[in-house]
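All values derive from a computational prediction rather than experimental measurement. In what follows, every heavy atom counts, from backbone to side chain, and hydrogens, waters and symmetry copies are set aside.
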Amino acid sequence: MDFVDATSTPSVTTADDNERTPRHGTAAPVVLVISGAACLSASAMFVKLADVTAGTAAFLRCALALAVLVPLLVHEVRRKGRLARPLQGYAVVAGVFLGVDYVMWTMSILDVGAAVATVLINVQVIAFPLLARLIDGTAISRRFLFTIPVMLAGIALSSGALEHGERDGNPVRGAVLGVAAGIAYAAYLYLNRVSGERSPAHVVTPICISTGAAAVAAGVISLFTTGISLSMSPTSWGWVIALALLGQVVAWLLISTGSPKLAPNTSAALLLLQPVMAIGFGLIILRETPTAGQLVGCVVVIAAVWFSNRRPSRSSTSGS
């Protein structure tokens, strides 16, 4: 499975090439995005182990991350100057979407489990390229368009919303929140990508601004929904801190560095490694027991997105 080429050019001639070719050669961006996805995949596990409300986890994830990001921002500004004002605005709007995403996604985790919620949020793999198409005119391959219904069917299966019988949590609400979180997540990824493309020298600044905006958005939403509680056990604090450091700081520094150098479909597809690892965490560490139908749905989603972004072999392309 080869998601990227070793070389690329600024102009493209076909939708398929545009989907798969990074703007800058080498496999380094792919490694960065995969590493960031690995950190994000552990986030749902941290939320479950922390055993706190959705609002508490969403707010503290961002607020605690600022303790690390702000000093890094100061260092970056001293070395490379301030981020352009329009891009600061993009970062603020992106952060609002991220805060909304975190609250809904965390509630989805508590409703349908860490593994399934991580699959549901990856509706971003559809929404992100569509946003790039609508706003920037970035071409989308026919292969990708044809697999969208399959992805949606897999998401419906993995949510458990189509199954009958008594189940823990609220699968319908969890499915709706998970998909809505995925759309907000896609908006964040798109706006974050814009900053990375227009000012590649600034990596920390847009993340720090977005994280601050996300903390405010998550805090406001949580005050009127699940509430925020700072009265937690030391163990819960430990898991929340891990969520902030790995799931927010490290993950987004890696993804924000690598993603702008890849085509939108490639970035979105690589991030689909999150549910693969999250399913493993859920089964092995959290002892979650998704139904057979949910596992089939997870496999369908992952396989469909891999197929839609798969690079054809040279023999097949040369013969077409």
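Proximity of F46 to R61: side-chain heavy atoms (C-beta onward) are nowhere separated by under 4.5 Å. Two residues are said to be in side-chain contact when any heavy atoms from C-beta on lie closer than 4.5 Å; D101 and Y188 fail this criterion.
With values rounded to the nearest 0.5 angstrom, L223 atom CG is found 4.5 Å from I228 atom CD1. Atom CD1 of I221 sits about 7.5 Å away from atom CE of M104, to the nearest 0.5 Å. The CH2 atom of W239 lies 11.5 Å from the OG atom of S233; values are rounded to the nearest 0.5 Å. With rounding to the nearest 0.5 Å, the separation of CG in L191 from CG in L98 is 11.0 Å. In this structure, NE2 on H202 lies 12.5 Å from CD1 on I207, to the nearest 0.5 angstrom. Atoms SG and CG, from C62 and L69 in turn, are 9.5 Å apart once rounded to the nearest 0.5 Å.
Judged by distance alone, the side chain of R82 and the main-chain N or O of V77 form no donor-acceptor pair under 3.5 Å. Remark: side-chain polar atoms of Q248 are not paired, donor with acceptor, to backbone N or O of T211 under 3.5 angstrom. Of the possible donor and acceptor atoms, one in the side chain of T53 sits under 3.5 Å from a partner among the backbone N and O of G227. A donor-acceptor contact shorter than 3.5 Å is absent between the side chain of S236 and the backbone of M232. Judged purely by atom type and a 3.5 angstrom limit, E76 uses its side chain to pair as donor or acceptor with the backbone of V203. Panel note: side chain S210, backbone A94; no donor-acceptor pair is recorded below 3.5 Å.
A donor-acceptor contact under 3.5 angstrom links the side chains of N192 and S256, judged on distance only.
Cluster membership for L49 and I241, using ILVMFWY side-chain heavy atoms within less than 4.5 angstrom, is shared. Two different hydrophobic clusters hold V31 and V250 under the rule that ILVMFWY side chains link at heavy-atom gaps under 4.5 Å. W252 and L72 fall within the same hydrophobic cluster, where Ile, Leu, Val, Met, Phe, Trp and Tyr residues are linked whenever their side-chain heavy atoms come under 4.5 Å apart, directly or through other members. Hydrophobic clustering, with ILVMFWY side chains joined whenever heavy atoms are under 4.5 angstrom apart, keeps V100 apart from I183. The cluster map of Ile, Leu, Val, Met, Phe, Trp and Tyr, joined by side-chain heavy atoms under 4.5 Å apart, puts V150 and F146 in different clusters.
Between I121 and A181 the shortest heavy-atom distance is CG1-C, 3.9 Å. In this structure, V33 and G258 approach most closely via the heavy-atom pair CG2-C, 3.8 Å. Shown here for L243 and A57, the closest heavy-atom pair between the two residues is CD2-O, 3.9 Å. Residues I255 and A37 come closest through the heavy atom pair CD1-N, 4.2 Å. Pairing each heavy atom of V103 with each of S222, the nearest pair is CG2-OG, 3.9 Å. Scanning all heavy atoms of the two residues, the minimum distance from A54 to L110 falls at N-CD1, 4.0 Å.
Around the CZ atom of F97, the shell of radius 6.0 Å holds no more than 12 heavy atoms that belong to other residues, nucleotides or ligands.
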(request) Step by step, work out the side chain to side chain contact (heavy atoms under 4.5 Å, CB included) result for T56 and T226. (result) CA-CA 8 Å; T56 300; T226 66; over 6 Å; no

(message) For R193 and F128: C-alpha separation, side-chain torsions, deciding distance, then whether side chain to side chain contact (heavy atoms under 4.5 Å, CB included) applies.
(response) CA-CA 10 Å; R193 177 187 177 85; F128 181 21; 3.7 Å; yes

(message) Walk me through whether L64 and W237 qualify under side chain to side chain contact (heavy atoms under 4.5 Å, CB included).
(response) CA-CA 11 Å; L64 293 176; W237 273 109; 4.2 Å; yes

(message) I'd like to know whether R78 forms a side chain to side chain contact (heavy atoms under 4.5 Å, CB included) with V74, so could you lay out the CA-CA distance, the side-chain angles of the two residues, the decisive distance to 0.1 Å, and finally the verdict.
(response) CA-CA 6 Å; R78 286 176 178 173; V74 172; 3.7 Å; yes

